[in-house]
Amino acid sequence: MTDGIEESGFEKDGKIRDKLVATKEKWAREGRALTGEQADPSRERLPPGQRRVDDWPVLDLGITPRLDTGNWRLTVDGLVENPVGWRWADFQAQPQERFLSDIHCVTTWSRYDNHWEGVSARHLLSVVRPRPEARFVVCHSADGYTTNLPLDAFADEDVLLATTWEGEPISLDHGGPVRVIVPKLYFWKSAKWITRLELTADDHPGYWEVRGYHNEADPWKEERYSD
Ligand SMILES: Nc1nc2c(c(=O)[nH]1)N[C@H]1C(S)=C(S)[C@@H](COP(=O)(O)O)O[C@H]1N2
Ligand SMILES: [Mo]
């Protein structure tokens with residue numbers, strides 16, 4: 001798999017919005033919304049080129065998997081000492097933690113003060129125990145989407161596998177029953193409908209990363225697109 005979309009084995013509704021994908025690829029080529037500025041997250045809350053919204057837009061490829069807490073599974077495998085295959089009850093049996101973070105989407109909206117609950121990436125890593133060679137995490141989703149992260153970025157203290165937002169279960173539209181949240185990076189790095197986390201030695205650029213989006217995706221450095 002090199003193009004970031006793959007068979008997931010889950011039933012799905014809808015099909016890839018080719019026009020939307022083409023538009024976003026065009027934006028990447030044109031460098032849309034780039035200001036050329038950088039900002040210091042310890043001094044400013046809104047990254048360069050972003051604007052604040054109060055709603056929470058739904059953005060994805062157009063394929064909604066028929067996932068629920070009954071058929072959802074999470075596999076964590078690859079370069080780990082203790083691979084796991086969790087069902088909902090196994091996931092719920094892990095320590096549940098609360099998080100507060102902002103969302104920054106590359107399409108320029110930011111949403112402050114999102115309250116999440118779920119299992120921290122740190123806890124998950126303490127269970128699976130990455131092997132010394134593990135340096136990257138590939139997030140695989142039930143719609144076939146993938147996105148890649150350095151293991152260090154995934155291991156950050158604010159990263160979680162979220163099951164609730166503002167006290168309610170995360171809706172299917174927003175990636176429920178379980179999605180990844182990586183607050184320090186643009187939101188395309190936060191995989192909805194997560195079903196597999198694969199730890200690897202080499203980097204495997206995901207769906208948007210092979211279509212012109214930046215591999216690192218730090219909003220404070222405006223890493224929207226690759227050059
Ligand atoms: N599985 C999956 N995760 C995904 C996507 C997707 O298409 N499929 N889109 C990404 C993008 S580009 C964004 S901006 C956010 C949007 O999440 P939201 O719909 O909850 O706002 O999800 C990210 N995670
Ligand atoms: Mo996005």
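Each ligand, and each atom within it, is numbered from 1 in the order the structure gives.
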Evaluate the ring planes of W188 and Y213, with Trp represented by its six-membered ring, and classify them as parallel (under 30°), tilted (30 to 60°) or perpendicular (over 60°).
perpendicular
So, S42 and D40: side-chain donor and acceptor under 3.5 Å apart, yes or no?
yes
Applying side-chain contact (heavy atoms from CB on, under 4.5 Å) to T195 and F10, what does each step give before you reach the verdict?
CA-CA 10 Å; T195 55; F10 285 93; 3.6 Å; yes
In terms of the angle between their ring planes, are W56 and F187 parallel, tilted or perpendicular, with boundaries placed at 30° and 60°?
tilted
Is the Lys NZ or Arg CZ of R29 less than 6.0 Å from the centre of Y225's six-membered ring, within 45° of the axis?
no
Anything with a heavy atom under 4.0 Å from ligand 1 counts, so go ahead and list those protein residues by chain and number.
K24, W56, P57, V58, L59, D60, L61, C105, W109, S141, D143, Y145, H174, R179, F187, W188, S190, A191, K192, W193, W208
Is the centre of the F91 ring less than 6.0 Å from the centre of the W72 ring?
yes
